[in-house]
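Data first, discussion second: the structure below is written as structure tokens.
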Amino acid sequence: MKKLIAIIISVILVFATVGCSAPTGGGSSYDTVRVVVEDSDNYKCARKIVEGRRGGDITFEIIIGNDDAFTGVDYPDFDYEQTVRGAGTGVSVTLRKVKYSTVVRPVVERGAVKKPTKPTEVLYSANDASGRTFVDTPSNKHLRYNTPSARRAFGRDGYIQIGWNTEADGGGRHIGFGSRHDRGEWTVLYAEWAKESSDELFEYEISDGVATVTKYVGGDGDVVIPRVLGGAEVGNIASDAFRGVDINTLVFPDTLRDMQSGAFRGVTIKDLYIFDNMTDMSPTAFIDYTLVTLHVNAYRNPGYCGSYFDVFPDKCDRLITLADKKKIVLACGSSARFGYDSRMIDEAFPEYEVVNMGVYAYENMLPQYLIIENYMREGDVLFSTPEFDTIETQFCINGEIDYVTFAMVESNYDLFSVIDCRDLDDAMKAYASHVLCGGSESGSYDISAYDYDEDFVDIGIPSYNEYGDYIVPRPNNIDEVLFGTRRACFNVRYFPQDYIDAINGVYGRFLDRGVKVLFGYSPRSRTSVTEDSDYWSCFALDGYFRNNLVVPVVGRIEDCLMSAYYFYATDNHLSSDGVKIHTAQVIEDLKEFI
């Protein structure tokens, strides 16, 4: 019936046009034709009648659902363009050389865009009006899924894909290539695009088919370096090419392989999007710069997958999935990873979830704290137990980091993007050392550190439990063998005031969020303390902490100094029996404060 009515209207329009026009073509009505867009429940059309010049092109627009597909119109010669919007897709249809008034019928297939059919599937949309999609089945080894690396990026002339977004219009949550997102019944992620800056804004040289940007001649603002200049892929940024530029968003292309020393001297950048497949990045490519947020997109395979560095993203997965629940977060180095039976703590404090964030004590704890802080809320508890053989890294006395920090977030680079890089000394120097280490052809997001022991051996049982505790059975040190040297310092002289100020500053960030912060002592073999760490120095140090830290001190030093019998392979990794004893003592100490 709708089509019949539209045809009748069209006949009337044609009759009226022909009947009222001069046979010589002198009347204006003869020069005008009308196109009537047929009604349908498959699309919306704001202007159903469109007029145009006889023999010229006529354009109209319909709105279809984001899950629907426009397949054409019943007109022999037409073009169309699509624009993805938040609530639908706009299809602009242009009919070529329209000589007579007519009725047209757009053809739209409802639900033609394929959606995931299984809970483990994710649909990735090109989000560029082409309708291109692919469905991926992520690994189930992690609490949250990794997106594909940039090797599976979509291509679009004049644009660079900087990752994925939960909304088609880019207003949702940004997820980098290779980073993680939450599970769902099914998920659709949309390509997020950055429009390349005009070629005219760059001076460049071409050698051996590779373009080197020698000078950026544009103004401040957003800069998206094109993938191609002068017909050659952009592979290098020369020294002083971006000297002193104030940039809001800077996007590097995935073709970039080298940045020379001083390429970004004196720049200020709010958001930097970069890929990890460079090969010759100078550690001094960024000099005297200010960077707020670094977004790393994975192109290469993860090189540290399965290592103990790689447990950090999995521990963060638990922290993130528990964001809305009360938590006790255990923060330290590997002494925490080997030192707790978190199930015992969970049972002792049933109103809290427990997350063991311990990984590695010899890398600066500051970026780890900054990431952890982002996922804690009022009412949570942070139990911080620094290790006293690496005091500078544990008390966060500066912002120095190296490749290890990036190795710890490699399986979810988005974790680093929650850090304000101004809190670190030289993030880009550390990043350069990381990318120059290279990836691994055998690496994969499917590989989980929870499947391997400390030596990257698959022992056939899980190496970690859901809390993040290392649970591979560890025998007691029956012969009480000495491990290493006397390296644990329990004397006030090793903790000057600026060290105390630094860790107080970190704790203050958590306190500002309403998090209860408690300071405690990590387990340590009595045989590993320095010669000047006797009973009286330990007594004085405990009093020093209680008088100078801005948070309560939990427990006693003498309880954390345990017999070498209860340690395994090193002087701060407890045996399985030692874990039970230490955790029971910690629970009794925490009851006073929780």
Side-chain angles (χ1 to χ4, degrees), residues 1-114 125-133 154-159 167-171 190-191 193 195-196 198:
M1 178 62 70
K2 291 181 179 179
K3 183 174 182 179
L4 178 59
I5 294 173
I7 292 175
I8 293 173
I9 293 173
S10 177
V11 171
I12 294 172
L13 289 171
V14 172
F15 179 81
T17 301
V18 175
C20 296
S21 62
T24 60
S28 61
S29 59
Y30 178 80
D31 293 334
T32 301
V33 292
R34 294 181 179 179
V35 171
V36 178
V37 183
E38 183 176 312
D39 285 334
S40 174
D41 293 333
N42 291 350
Y43 53 80
K44 296 179 181 178
C45 183
R47 293 183 61 197
K48 294 183 174 62
I49 301 176
V50 185
E51 294 185 343
R53 181 177 56 82
R54 184 180 298 276
D57 298 341
I58 293 182
T59 300
F60 63 89
E61 184 180 64
I62 62 173
I63 306 297
I64 66 175
N66 283 332
D67 299 328
D68 301 337
F70 171 78
T71 61
V73 293
D74 56 349
Y75 188 86
D77 187 7
F78 70 93
D79 290 326
Y80 72 97
E81 292 183 358
Q82 294 185 194
T83 304
V84 178
R85 302 174 179 177
T89 298
V91 183
S92 179
V93 183
T94 299
L95 308 183
R96 300 300 186 190
K97 300 178 181 179
V98 182
K99 296 180 179 179
Y100 306 102
S101 294
T102 185
V103 175
V104 294
R105 179 172 60 87
V107 180
V108 175
E109 294 184 19
R110 301 295 297 274
V113 177
K114 183 181 178 183
S125 168
N127 196 24
D128 61 353
S130 67
R132 293 174 297 162
T133 64
F154 290 105
R156 183 181 180 186
D157 289 343
Y159 291 82
E167 298 293 338
D169 61 2
Y190 301 90
W193 299 101
K195 185 175 177 56
E196 293 179 347
S198 172

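Positions are given from 1 along the sequence. Note that the structure is a prediction, hence the values are computed from the model and not measured.
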Worked check of side-chain contact (heavy atoms from CB on, under 4.5 Å) between Val33 and Thr102: CA-CA 8 Å; Val33 292; Thr102 185; over 6 Å; no
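- Among all heavy-atom pairs drawn from Pro106 and Tyr43, the shortest one is CD-OH, 3.1 Å.
- Taking CG from Asp57 and NZ from Lys97, the interatomic distance works out to 8.5 Å, rounded to the nearest 0.5 Å.
- Separation of atoms CD1 (Ile49) and OG (Ser101) is listed at 10.0 Å; rounding is to 0.5 Å.
- With sequence neighbours left out, the ring pair (Phe, Tyr, Trp, His ring centres under 6.0 Å) criterion links Tyr75 to no other residue.
- Residue pairs meeting the ring pair (Phe, Tyr, Trp, His ring centres under 6.0 Å) criterion with at least one partner in residues 45-71, sequence neighbours excluded, are Phe70-Tyr80.
- With hydrogens and angles left out, the side-chain atoms of Ser130 and Asp128 include a donor and acceptor closer than 3.5 Å.
- By the side chain to side chain contact (heavy atoms under 4.5 Å, CB included) test, Tyr159 pairs with Arg156, Trp193, Lys195, sequence neighbours left out.
- Under the side-chain hydrogen bond (donor to acceptor under 3.5 Å, both in side chains) criterion, Arg53 pairs with no residue at all, not counting sequence neighbours.
- Residues Val37 and Val73 have side chains not in contact (no heavy-atom distance under 4.5 Å, counting atoms from C-beta outward).
- Two residues are said to be in side-chain contact when any heavy atoms from C-beta on lie closer than 4.5 Å; Leu95 and Asp77 fail this criterion.
- Counting non-hydrogen atoms of neighbouring residues, nucleotides and ligands closer than 6.0 angstrom, the CG atom of Asp157 reaches no more than 12 such neighbours.
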Take Phe78 and Arg96 through the test side-chain contact (heavy atoms from CB on, under 4.5 Å) and record every step on the way to the result. CA-CA 6 Å; Phe78 70 93; Arg96 300 300 186 190; 5.7 Å; no
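- The CD atom of Glu38 sits 11.5 Å away from atom SG of Cys45, with the distance rounded to the nearest 0.5 Å.
- A search for side-chain hydrogen bond (donor to acceptor under 3.5 Å, both in side chains) contacts involving Thr59 returns Thr94, not counting sequence neighbours.
- Looking at Asp74, its side chain does come within 3.5 Å of a backbone N or O of Arg105 through a donor-acceptor pair.
- With salt bridges taken as basic N to acidic carboxylate O contacts below 4.0 Å, none links Asp31 and Arg54.
- In this view, Arg47 satisfies the side-chain hydrogen bond (donor to acceptor under 3.5 Å, both in side chains) rule with no residue, not counting sequence neighbours.
- Asn127 CG to Thr133 OG1: the interatomic distance, rounded to the nearest 0.5 Å, is 12.0 Å.
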